[in-house]
Structure formats: C-alpha cells, structure tokens
Amino acid sequence: MQFAKRLLMGVGAVALTAMLLSVAAPKAVHATVAALVQVVNTTANPAVTLDAETSTRLPYQSHQTFNTLGGGYELFSINFADVPTGYRLVIQNVNSSFNEDPTGGLTDSDLVPNGYITTAFENKPFPSFAGSVSGGTLSTPSALINASITRYVGPGDTPIVNLSGVFYSSDKIGVTLTGYLENCAVTGCPAPVH
C-alpha cells in the first residue's frame, strides 16, 4: 500500500509540474519574442518615417526679369527654363512687384495687374492670378502680385507667365516662380485629371 501511495504522489507531482510549465512557458516565449522586435525611437537612433515621394522633392525657385515699354496697357509672356527630363514641376506661387503708370485717367481697378500661366506644349490659360495696387506715389503707385497657385508642368515643357498691366515707362520687372520638382522615377508623374 505504501508503495502505491508513493507512486501516485510521484505521478501527481510530475503531472502538476507539466501543467504549470505548459501554462507559464508560452508567456515566457512571447515576452522573449516581443523583446526581440521592439522598436525604440530615441534622438540618437530615430526610426525612418518619411514618405519617399515627399523626401525626393527638389525645391524650385526661378526668377526672370524684363523691361517694359511704358505708355499704356501691356501684356508680356515670360519664359522660364525647361523642366528637366525625369521631373515634373509643381508651381505653388508667383510673385512680382513693380510700378504702375496711372496716367490717362485710369482708376485703381484698371491698374490691377493680372495674368495666367501657360506652357509651351499646352496653351491653356490657367491658373489665373491678380495682384493689388498700393503705396508708392500718385504718379507711380506700387503694384504687387503674390499669388498661391497650383500648376503642373511636365518633363521637357516650358512654364510661361503671361503678365498684364499698365506699366511705368521703361521699368524693369521681375517675376519669381516657386514650388518643387517631383521625381517621376518615384511618383510616376501621372497626368493631372481635367
């Protein structure tokens, strides 16, 4: 009897140990695996979280100047450099400042400079923009264009700013375009939907 009692106690102890191990072992394994794949972001070792398309953009800024004739309403077409092969230009702002010629009984609304952007291959007059007239003197008020726009210009195409106003005689005008170049190898440069 004594032998059977000891045998049953031994078998019970082994069964209890096996049951405890089967419950505790998966938690230990899960904790070990979780520790192996834990990502720790520190300033010394940051995780890369940038969008590939955004990080490959190249800042774009181009400035062109031209001389006015003066003496009335004028329209100028200002060509900028061609967009490099493999990139698409996204124009986000057009900026210009100059003096307007108020002679001839023109009102402030007549003096407001305006324009639009076209390209060499797609001659659609959009987007359009308008400036404002302020400051300066009665004989030469200051005019300003600072317009936020969005215009896509394809690889190899030429952005053209068409600017109109009543310019002061023989004034030098500067026009600046800003935006970014989009890498077509990354984005594919899909055609804009019209």
Side-chain angles (χ1 to χ4, degrees), residues 29-68 74-100 112-135 142-165 167 171-194:
V29 170
H30 287 277
T32 304
V33 170
L36 293 175
V37 296
Q38 185 176 7
V39 177
V40 179
N41 272 353
T42 64
T43 55
N45 189 18
V48 178
T49 58
L50 292 177
D51 178 9
E53 186 271 324
T54 304
S55 65
T56 59
R57 292 180 180 174
L58 299 174
Y60 174 88
Q61 181 172 323
S62 185
H63 182 78
Q64 297 291 331
T65 59
F66 63 96
N67 290 318
T68 64
E74 297 177 71
L75 172 64
F76 289 95
S77 292
I78 304 107
N79 289 9
F80 286 77
D82 292 351
V83 177
T85 302
Y87 289 90
R88 174 168 57 189
L89 173 61
V90 180
I91 301 171
Q92 296 178 309
N93 186 275
V94 59
N95 183 292
S96 182
S97 61
F98 48 89
N99 293 322
E100 291 267 71
V112 171
N114 59 76
Y116 55 91
I117 295 179
T118 60
T119 66
F121 298 136
E122 182 183 43
N123 196 18
K124 293 182 180 178
F126 67 91
S128 60
F129 52 85
S132 60
V133 177
S134 64
S142 295
L144 174 68
I145 294 172
N146 187 16
S148 293
I149 59 172
T150 302
R151 177 66 154 115
Y152 298 96
V153 183
D157 206 349
T158 305
I160 303 168
V161 174
N162 299 281
L163 183 63
S164 63
F167 300 104
D171 198 9
K172 181 169 263 198
I173 308 294
V175 178
T176 304
L177 293 179
T178 55
Y180 61 89
L181 289 168
E182 187 177 49
N183 188 338
C184 293
V186 175
T187 66
C189 291
V193 177
H194 297 287

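Excluded from the calculations below are hydrogen atoms, water molecules and symmetry mates; all remaining heavy atoms, backbone and side chain alike, are included. Numbering of residues begins at 1 and proceeds along the displayed sequence. Please read these numbers as outputs of a predicted model, since none were measured by experiment.
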So which heavy atom on [X] is nearest to which on [Y], and how close?
| X | Y | answer |
| --- | --- | --- |
| Pro155 | Gly86 | CB-N, 4.1 Å |
| Gly179 | Gln92 | CA-OE1, 3.7 Å |
| Glu122 | Asp157 | N-OD2, 4.4 Å |
| Ser96 | Gly174 | OG-O, 2.7 Å |

> Can you tell me if Ser164 uses its side chain to pair, donor with acceptor, with the backbone of Asn114 under 3.5 Å?
Replying inline: yes
List, one per line, each side-chain donor-acceptor pair under 3.5 Å for residues 145-152, sequence neighbours excluded.
residue, atom, partner, partner atom, Å
Asn146, OD1, Asn93, ND2, 3.2
Asn146, OD1, Asn95, ND2, 3.4
Arg151, NE, Phe126, O, 2.9

>> Using the ring centroid of each side chain, check whether Tyr180 and Tyr60 are separated by less than 6.0 Å.
In response: no
Solution key, residues 77-84 side-chain donor-acceptor pairs under 3.5 Å, sequence neighbours excluded:
residue, atom, partner, partner atom, Å
Ser77, OG, Asn162, OD1, 2.6
Asp82, OD1, Thr158, OG1, 2.4

> So Phe76 and Thr68, side chain to side chain contact (heavy atoms under 4.5 Å, CB included) or not? Walk me through it.
Replying inline: CA-CA 9 Å; Phe76 289 95; Thr68 64; 4.0 Å; yes
>> Applying side chain to side chain contact (heavy atoms under 4.5 Å, CB included), can you list everything that pairs with Asn67, at least two apart in sequence or on another chain?
In response: Lys172
>> Tyr87 vs Thr56, test: side chain to side chain contact (heavy atoms under 4.5 Å, CB included). Steps then yes/no.
In response: CA-CA 11 Å; Tyr87 289 90; Thr56 59; over 6 Å; no
Quick check for you: to the nearest 0.5 Å, what is the distance between [X] atom [atom1] and [Y] atom [atom2]?
| X | Y | atom1 | atom2 | value |
| --- | --- | --- | --- | --- |
| Arg88 | Asn183 | CZ | CG | 11.5 Å |
| Leu58 | Leu181 | CG | CG | 5.5 Å |
| Gln64 | Ile160 | CD | CD1 | 11.5 Å |

> Would you say Leu163 and Ile173 make side-chain contact, with heavy atoms under 4.5 Å?
Replying inline: yes
> Between Gln61 and Leu177, is a side chain to side chain contact (heavy atoms under 4.5 Å, CB included) present by the stated rule, with each step listed?
Replying inline: CA-CA 6 Å; Gln61 181 172 323; Leu177 293 179; over 6 Å; no
> side chain to side chain contact (heavy atoms under 4.5 Å, CB included) between Val175 and Val94: does it pass, once the steps are laid out?
Replying inline: CA-CA 7 Å; Val175 178; Val94 59; 4.0 Å; yes
